[in-house]
Amino acid sequence: MAQISLTVNGKTVSADVESRTLLVEMLRDKLHLTGTHVGCDTSQCGACVVQVNGMSVKACTMLAVQAEGAKVLTIEGLVNEDGSLHPMQEMFREHHALQCGYCTPGMVMSAIDLVNSHPEGLTEEQIRHGLEGNLCRCTGYHNIVKAIAAAWPIMHNKVPMAAE
Ligand code: FES
Ligand code: FES
């Protein structure tokens, strides 16, 4: 057992973990942050994607002890203090980019990293390529691409989020 300390969604947390414990297990089982999902055991599906120090990471493929001292952001940390959604969450809703919702937390976390790392713009091809690490069984991907394309100008302050 090792005690690790890290920042999760802005709060410092400590947990006793075995050295073999995966980050996704720590998030789900110790911290009860169950938005991050597990969809495979071969690092392919991306349902487990969270951000570690600002980069999207498959949390099933990282040990919890490797996150010692890191800043981890999960889907639960995206919502603003006033309850309003992150633009990526809002655009997924508006563009019908989810059905069962199982891939959605990982998809949203990957999409945010994709948008943040392309301040110059994102083509449809770049979005599709950027999502290759995230599988979805329901949507056929088209509406996910639309949602991410719509979130880009909002996240880069080119247009405000449309009020309903
Ligand atoms: S659970 Fe499938 S890639 Fe992590
Ligand atoms: S919405 Fe069901 S797997 Fe993507």
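Indexing begins at 1, ligand by ligand and atom by atom, following the structure's order. Values below: every heavy atom of this structure, side chains too, minus hydrogens, waters and symmetry copies.
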Of the listed options Gly140, Ala47, Cys138, closest to atom 2 (Fe) of ligand 2 (non-hydrogen atoms): Cys138
Name of the residue among Ile75, Leu98, Asn134, Ile144 meeting side chain to side chain contact (heavy atoms under 4.5 Å, CB included) with Val108: Ile75
Can you name the atoms of ligand 1, numbered from 1 with element, that are less than 4.0 Å from a heavy atom of Cys48? 1 (S), 3 (S), 4 (Fe)
Residue Gly101 vicinity, atoms of ligand 2 by number, heavy atom under 4.0 Å: 1 (S), 2 (Fe)
At what distance, to the nearest 0.5 angstrom, does NE2 of His95 lie from NE2 of His142? 15.5 Å
How does Ser43 reach ligand 1, by side chain, by backbone, by both or by neither, if only non-hydrogen atoms under 4.0 Å count? backbone
Distance filter under 4.0 Å to Val38 heavy atoms, resulting ligand 1 atoms: 1 (S)
What atoms of ligand 1 come closer than 4.0 angstrom to any heavy atom of Gly39? 1 (S)
Could you tell me whether atom 4 (Fe) of ligand 1 has an N, O or S atom of Cys60 under 2.8 Å away? yes
Min side-chain heavy-atom separation Gln66-Leu23 under 4.5 Å: no
Walk me through it: do Leu6 and Val13 pass the test side chain to side chain contact (heavy atoms under 4.5 Å, CB included)? CA-CA 6 Å; Leu6 62 164; Val13 297; 3.9 Å; yes
For atom 3 (S) of ligand 1, what's the nearest protein heavy-atom neighbour? Residue, atom name and distance, please. Gly46 N, 3.2 Å
Dump the intermediate steps for side chain to side chain contact (heavy atoms under 4.5 Å, CB included) on Ile148 and Met91, then the final yes or no. CA-CA 7 Å; Ile148 296 170; Met91 290 305 105; over 6 Å; no
Would you check if the side chain of Asp82 reaches a backbone N or O of Ser84 as a donor-acceptor pair within less than 3.5 Å? yes
Residue pair Glu125, Thr123: steps toward the side-chain hydrogen bond (donor to acceptor under 3.5 Å, both in side chains) verdict: CA-CA 5 Å; Glu125 194 183 348; Thr123 64; 5.2 Å; no
Atoms in ligand 2 with a heavy atom of Arg137 nearer than 4.0 Å: 3 (S)
Suppose I only count heavy atoms of Gln99 and a 4.0 Å limit; which atoms of ligand 2 are within that range? 1 (S)
Cys45 backbone or side-chain N/O/S under 2.8 Å from atom 4 (Fe) of ligand 1: no
So for atom CZ, which belongs to Arg128, do other residues, nucleotides or ligands contribute more than 12 heavy atoms lying within a distance under 6.0 Å? yes
Whether Cys100 has an N, O or S atom under 2.8 Å from atom 2 (Fe) of ligand 2: yes
Show the numbers, then the answer: is there a side-chain hydrogen bond (donor to acceptor under 3.5 Å, both in side chains) between Thr61 and Ser43? CA-CA 6 Å; Thr61 309; Ser43 308; 2.9 Å; yes
Roughly, to 10 degrees, what angle do Cys136 atom SG and Cys103 atom SG form around atom 4 (Fe) of ligand 2? 100°
